[in-house]
Amino acid sequence: MEKFTKLKELLSSVEADAEKFYNAGNSAAGTRVRKAMQDLKVLAQDIRTEVTEKKNSGK
């Protein structure tokens, strides 16, 4: 559950940069959004792996 909480925090922290990029055209904010999306992807994959391991260990 700790990783899921980190995922939610990361998503909420990038919200301001996403708004700056899409609404104000700030390209530096776009770079930060891209990095955060990559971090989210890695974290999501870690969560998927953890869930699968936990699910399979119960059998």
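How far CD of Glu9 is from CG of Leu43: 10.0 Å, rounded to the nearest 0.5 Å. Annotation: the span from Glu2 atom CD to Leu7 atom CG amounts to 12.5 Å, rounded to 0.5 Å. The CZ atom of Arg32 sits 9.5 Å away from atom OG of Ser27, with the distance rounded to the nearest 0.5 Å. Within the model, atoms CG of Leu11 and NZ of Lys6 stand 16.0 Å from one another, a figure rounded to the nearest 0.5 Å. Separating the NZ atom in Lys35 from the CG atom in Leu40 is a distance of 10.0 Å, to the nearest 0.5 Å. With values rounded to the nearest 0.5 angstrom, Ile47 atom CD1 is found 7.5 Å from Lys3 atom NZ.
Atom CD of Gln45 has more than 12 neighbouring heavy atoms from other residues, nucleotides or ligands inside a 6.0 Å radius.
The side-chain heavy atoms of Val14 and Met37, taken from C-beta on, include a pair separated by under 4.5 Å.
Using a 4.0 Å cut-off between charged nitrogen and carboxylate oxygen, Glu50 and Lys54 do not count as a salt-bridge pair.
The nearest pair of heavy atoms linking Gly30 to Phe21 is CA-CD1, 3.4 Å.
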